Amino acid sequence: MTTTQPAPAGDGAAYLEGFDATIERGDRIEPRDWMPEGYRKTLVRQVAQHAHSEIIGMQPEGNWLTRAPSLRRKAILLAKVQDEAGHGLYLYSACETLGVSRDELTEMLIDGRQKYSSIFNYPTLSYADVGTIGWLVDGAAICNQVPLCRTSFGPYGRAMIRICKEESFHQRQGYELLMTMMRGTDEQRAMVQESVDRFWWPALMMFGPPDADSPNTAQSMAWGIKRNTNDDLRQRFVDMTVPQAKALGVTLPDPDLRWNEEKGGHDFTAPDWDEFMQVVKGNGPCNSQRIAHRRKAWEDGAWVREAATAYAAKSRAVANDQEGAA
Amino acid sequence: MTSNANGAKAAGAGVQAEWPLYEVFVRGKRGLNHVHVGSLHAADDQMALLHARDVYTRRNEGVSIWVVKSVDIAASSPDEKDPLFTPSNDKVYRHPTFYTIPDDVPHM
């Protein structure tokens, strides 16, 4: 058995035809089907980046686990951070079906060969950030992820379905947290507003560069990996968020944000794309801290992985001996 | 490179061997089949069950879990799909819709 099979010389065209026909029918590609190398590479990059984002995404919120203001909030946050770990694992599993190993993926993350979402390079400075991340960051993630449930690669779509089911809890707990703070003191309301002011622009960046600067989008859409362009999803997110902000009683920090009757959507200011590029290149406020933390966890955990392997080998040997003796 | 039914490599390419890959099957509730839900790495069967509980049943998704090493699954090859399933293609008489029954015959 081989993973994704290389097209044999001579008959490559027939394989490509079969692949194209599957995509054309709207059917899913499954791991052991032949696929073009570009399709496989694009998926490895995208799914790995998505998995890494879930794992790195545990850090900004994990920052508040020991300082949550009540046992209720702590239990909720713990469950949420645990979910992010689970989401990372679903996605790593999907990525492994493309013939790349889990260890390789982890190593590509910590040595910087693969990326994760730029949003997680921003710090969580106040407890309100826990709410804002749930509302805006997970809200943006939901916008991105719901269409990906229909992505053309089977394992990726199935992982997305599981994730989307759980993501709604993330967004709602965040929004409820912010609502609670907005019903509190002036100081608490100011904390919420300050947090929203900081996260609004990075949240808009989560959808990636504008379509004109996103050279891979057309191919990804032709392959059915992506279902919507970055700008379409960003627009959808803004339109969803405006009424939520109003209900919450916060101001989104964009003076030019207004409804445009003609296009049936909001006009809004683009985020600072230079800042985005800087963060992607590794110069965001927390890039080195996030990777250093992940590397430390990976290296400090090595003895646990080795000990478990040794224990499993020993248990097997003991079981074999007993069988032999019986 | 060897791989399992799910396509993933059986062992890591890294210096230190990875924990083996397991496929996870969950019975959603009594009366239903176990259904494949995904995969995970674990050092042994017991750890695979515990990880499966934590990764795939955080919200009462199951009442029973099976785990099996991915390398132990034998799978049909996608290349042989056509010849493998051909025998059932031309046997339309195996389907109830093959038989015409008058509309006024009840309970058929």
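Source: prediction; values computed, not measured.
- Other residues, nucleotides and ligands contribute only 12 or fewer heavy atoms inside 6.0 Å of the CG atom of B:Asn33.
- Enclosure of atom CD in A:Glu17 is not indicated, since only 12 or fewer non-hydrogen atoms of other residues, nucleotides or ligands lie within 6.0 angstrom.
- Counted within 6.0 Å of CZ on B:Arg58, heavy atoms from surrounding residues, nucleotides or ligands total more than 12; the atom is thus considered enclosed.
- Salt-bridge formation is not detected for the pair A:Arg305/B:Glu18: no Lys NZ or Arg NE/NH1/NH2 atom is positioned less than 4.0 Å from an Asp or Glu carboxylate oxygen.
- With respect to chain B, the highest number of heavy-atom pairs below 4.5 Å among A:Lys165, A:Arg162, A:His87 belongs to A:Arg162.
- When all heavy atoms are compared, the tightest approach of A:Tyr90 to B:Val55 is OH-O, 3.1 Å.
- Taking a 6.0 Å sphere around CD of A:Glu176, one finds it holds more than 12 heavy atoms contributed by other residues, nucleotides or ligands.
- For the atom pair CZ (A:Arg102) and OG (B:Ser39), the distance works out to 7.5 Å, reported to the nearest 0.5 Å.
- No more than 12 heavy atoms of other residues, nucleotides or ligands sit less than 6.0 Å from atom CG of B:Asn60.
- By the neighbour-count criterion of 12 heavy atoms within 6.0 Å, atom CH2 of B:Trp66 is sparsely surrounded, having that number or fewer from other residues, nucleotides or ligands.
- For the pair B:Arg59/A:Phe169, a side-chain contact is recorded, criterion being any heavy-atom separation below 4.5 Å from C-beta on.
- In this structure, A:Ser93 contributes its side chain and B:Gly38 its backbone to no donor-acceptor pair below 3.5 Å.
- Taking every heavy atom of both residues into account, B:Met47 and A:Ala308 meet most closely at CE-CB, 3.6 Å.
- Remark: B:Tyr56 OH to A:Leu89 CG distance equals 7.0 Å, nearest 0.5 Å.
- Using a 4.5 Å cut-off between heavy atoms, A:Tyr311 touches chain B through its side chain atoms alone.
- With respect to A:Lys314 and B:Asp44, no salt bridge is recorded, no charged nitrogen being found less than 4.0 Å from a carboxylate O.
- Taking every heavy atom of both residues into account, B:Ser76 and A:Arg32 meet most closely at O-NH1, 2.8 Å.
- Within the 4.5 angstrom heavy-atom criterion, only side-chain atoms of B:Glu61, from C-beta onward, approach chain A.
- A:Gln82 touches chain B through backbone and side chain together, each having a heavy atom under 4.5 Å away.
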